[in-house]
Number of protein chains: 2
Amino acid sequence: MKSNKTTIHDISKALNIDSSTVSRALNNSPRVSEKTRKKIRQKALELGYQRNSLASNLRTNKTHTIGVIVPRISRNFFATVIAGIEETAYEAGYNVVICQSLESLERETKFMDTLLSNRVDGVLISISMETTSYEHLLAFKQHGGPIVFYDRPCHIENCTSVSIDDFQASYNATKHLIEQGCKHIAHFSGPQEIELYKNRKKGFITALEDHNLLYKEAYCFESGLSSNDGIEIAKKIVKLKQIDGIYSANDTAAISAMQYLKSKGIQIPNDIAVVGFNNDPISAVIEPGLTTVNQPDFEMGNIAATELIKQIQNKTANSEKDSIILSSELIVRNSSNK
Amino acid sequence: MKSNKTTIHDISKALNIDSSTVSRALNNSPRVSEKTRKKIRQKALELGYQRNSLASNLRTNKTHTIGVIVPRISRNFFATVIAGIEETAYEAGYNVVICQSLESLERETKFMDTLLSNRVDGVLISISMETTSYEHLLAFKQHGGPIVFYDRPCHIENCTSVSIDDFQASYNATKHLIEQGCKHIAHFSGPQEIELYKNRKKGFITALEDHNLLYKEAYCFESGLSSNDGIEIAKKIVKLKQIDGIYSANDTAAISAMQYLKSKGIQIPNDIAVVGFNNDPISAVIEPGLTTVNQPDFEMGNIAATELIKQIQNKTANSEKDSIILSSELIVRNSSNK
DNA sequence: ACAAAAAATACAATCGATTGTATTTTAAAT
DNA sequence: ATTTAAAATACAATCGATTGTATTTTTTGT
């Protein structure tokens, strides 16, 4: 069953011009005279010709498409990074295929496979919370193309990571709580296999130590940092009865915890001060406003995409830089303003 | 420059078996004996073979990919719809390509073009606020495949729209404000070329009329319903000094308006009651909680994708149904609880 | 053991575009 | 007018997989 779409051969036949010339004309090759180029363009329009990218990509071995793997598209931070990626890609003439890992390694692996099959030119990825082995990434790197990590750095040979300095941001956030007078600070952390969460935790611990506060493992709660996780941890914190500060590695968990604490009559920031991470839009709306770390999300997308495209076009596919560090800032609101 | 990737021909040569047999083996065709199938599978694994989907898709004229055009990915409602689409597509073995129109007709048109070039099997689209002409959609419908509209219905021949009953939802929301005692209700509306906003406005007006309230054109504010638009309109409303209720066609504008009004010392809901649309997560966190219309967002994605895939596979590409209407509900919170 | 049927595999065309090389046409130079 | 160079176009192979048809091999029945 033949597809009804117009091909260069249809144009070729209609004008009695070889299809190679038609192809060149449509690609503005200087090898075609202005006169025939016009004729071909005209006929193409007339027949409603639309290039078949599959054929073109097969032949040229390029798709001008980049794959993006994101843990969850509905997180504002990621949605904004994607918007940044998209902007840069669009301007550079690249298409973007977005895949949600939903924090599942299995899905992530399948998507890397599909992206490889579809011969995307490169991949931008923020690894899932389950990702502790890297074969699927290495496989792509070997047979596919460059990979650039964003937000969650990952040290694979010849791959660049674009992120903020999580250690430092975390250190500053914790220091801020200490300066507000908090003595017993809890930390909401993510899976320790993920470097980002390890770094945030390290920053937290180091800040405590530098200010002569004791770090207690019992005050560090590791979870997936979902809304539900925030509530569950908040429950435990209420029972502990000693916590006077919370530093959460993301806003999602911080916000649900805040809501739970408020519902239990706990005063924020007076009883417990709270600091989050990501500057989610909700953090500015909740009362009291949530102090949080603002990351250059949109810009992170721009930069990661720019770096990837550079690597794609250099064809060396080897990154000079292991990591690109963007600056972040602590936005102080009332949730920590004792 | 040859790509270094393994092809069926490499496997074919390595085993001295024809490539057609290799292809069939890898596709589990019954025409290949179990013995050689195993041998081929084994060798494929050994050589790190990865099917080239470009070639396959070119030959079969199917991509198992659906295009999704979304106004803005960072709006929670859309992000959730996409998650729903993605879930269904993933289960059915379809890939999803997501494109952000950013409410621009130009971008939307370019994307439809690209999707057509890339031969996606079908498209799910929520048209941009600028989309008042449909040539780009008709072109895809003619040469491409089925189109299913979600959220923002669009009546093109043989296309299905999946949405809620905006008129009714709007009617109920307005009725609710009236029942709370509001007499001078303002409406934040979107571009009237978009059926969705027209319907929401109609529902608003009809509810007023049914309750013997005068509809004033001056109380209806048309905009892009962005955060900024909400603030600008709120400013005007403060100047009017008569408004005692706001019904906004989305939460984004309602929320920023609420914040502006609060900053001006206006009491919500006592001075002005507010109702929004979409049940954005922020609406549950802002104080007072924003009364809003909850749409089955995730489910809408599921259903739209299911319908599209059905049409793709039926190959008739003709929809039986012009529209699929999902039910919505008004979530009453304190912003309208006088 | 042999013909017929069934199973397994090989051959070859094809999807639609790109591109190196060959050929023809046009223009420039003598 | 004729040679030469340059410009324009045609030819043909190719990208990697799929698939209808042909051929070979194996199995079955008698």
Side-chain angles (χ1 to χ4, degrees), chain A residues 1-41 43-44 47-64 114 116-121 143-144, chain B residues 1-41 43-44 47-64 114 116-121 143-144:
Chain A
M1 158 221 39
K2 265 179 80 101
S3 116
N4 54 340
K5 285 152 199 150
T6 310
T7 73
I8 52 169
H9 303 290
D10 298 327
I11 300 177
S12 160
K13 263 177 233 148
L15 297 174
N16 206 29
I17 291 177
D18 191 79
S19 61
S20 63
T21 303
V22 174
S23 170
R24 288 192 167 95
L26 295 172
N27 287 312
N28 288 316
S29 155
R31 279 174 59 175
V32 179
S33 72
E34 193 53 40
K35 212 179 73 188
T36 51
R37 186 201 315 285
K38 270 215 181 105
K39 222 169 26 174
I40 289 170
R41 278 250 132 85
K43 184 59 83 179
L47 298 179
Y49 171 78
Q50 194 75 28
R51 158 196 271 102
N52 184 329
S53 298
L54 296 173
S56 172
N57 294 343
L58 171 62
R59 183 63 229 260
T60 59
N61 206 30
K62 271 195 213 90
T63 53
H64 284 277
T114 307
L116 191 49
S117 273
N118 283 286
R119 300 295 191 265
V120 297
D121 293 343
H143 302 291
Chain B
M1 160 219 42
K2 264 181 81 99
S3 116
N4 55 341
K5 284 152 200 150
T6 311
T7 73
I8 52 170
H9 303 291
D10 298 327
I11 299 178
S12 160
K13 263 177 234 148
L15 297 174
N16 207 27
I17 291 176
D18 192 79
S19 62
S20 63
T21 303
V22 174
S23 171
R24 289 192 166 97
L26 295 172
N27 287 313
N28 290 315
S29 155
R31 279 176 57 175
V32 179
S33 73
E34 194 52 41
K35 211 178 74 188
T36 51
R37 185 200 315 284
K38 272 219 179 100
K39 223 169 25 173
I40 289 170
R41 278 251 131 85
K43 184 58 84 179
L47 299 179
Y49 170 77
Q50 194 74 30
R51 159 196 270 103
N52 184 328
S53 297
L54 296 174
S56 171
N57 294 343
L58 170 61
R59 184 61 229 262
T60 59
N61 207 29
K62 272 195 213 90
T63 54
H64 285 276
T114 307
L116 190 49
S117 272
N118 283 287
R119 301 295 191 263
V120 298
D121 293 342
H143 302 290

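Remember, predicted model here, so these are calculated numbers, not experimental data. Reminder, nothing fancy here: chain letters follow the sequence lines and each chain counts from 1.
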Choose from dT19(D), dT9(D), dA17(D) the nucleotide whose nearest atom is closest to any side-chain atom of Thr7(B).
dA17(D)
Nucleotide nearest Ser33(B) when distance is taken to its side chain, options dT9(C), dA17(C), dG16(D):
dT9(C)
Quick one: is dT9(C) close enough that its OP1 or OP2 comes under 4.0 Å of any side-chain N or O from Thr36(B)?
yes
Using a cut-off of 4.0 Å on non-hydrogen atoms, how would the nucleic acid contact of Asn27(B) be classed: base, sugar-phosphate, or nothing?
sugar-phosphate
Once you round to the nearest 0.5 Å, how far does OG1 of Thr63(B) lie from CG of Asp121(B)?
3.5 Å
Does OP1 or OP2 of dC15(C) have a side-chain N or O of Asn52(A) closer than 4.0 Å?
no
Can you find a donor-acceptor pair, distance only, under 3.5 Å between Thr60(B) side chain and dC15(C) base?
no
For the residue pair Asn118(A) / Arg51(B), report whether a side-chain donor-acceptor contact shorter than 3.5 Å exists.
no
Contact class for Asn16(A) vs. all strands (heavy atom < 4.0 Å): base, sugar-phosphate, or nothing?
sugar-phosphate
Please determine whether any donor N or O and acceptor N or O are separated by less than 3.5 Å between the side chain of Arg24(A) and the base of dT18(C).
no
Among the candidates dT19(D), dT9(C), dA17(D), find the nucleotide nearest to the side-chain atoms of Ile8(B).
dA17(D)
Base, sugar-phosphate alone, or nothing: which one does Ile17(B) contact when heavy atoms must sit under 4.0 Å apart?
sugar-phosphate
Which of these nucleotides, dT9(D), dC15(D), dA12(C), is closest to any side-chain atom of Thr21(A)?
dT9(D)
Got a donor-acceptor pair under 3.5 Å from the side chain of Arg31(B) to the base of dT25(D)?
no
Please report, rounded to the nearest Å, how far the C1' atom of dA8(C) is from the NZ atom of Lys38(B).
17 Å
Is there a donor in the side chain of Ser56(B) and an acceptor in the side chain of Ser53(B), or the other way round, less than 3.5 Å apart?
no
Starting at CD of Glu34(A), measure out to NZ of Lys39(A) and round the result to the nearest 0.5 Å.
12.5 Å
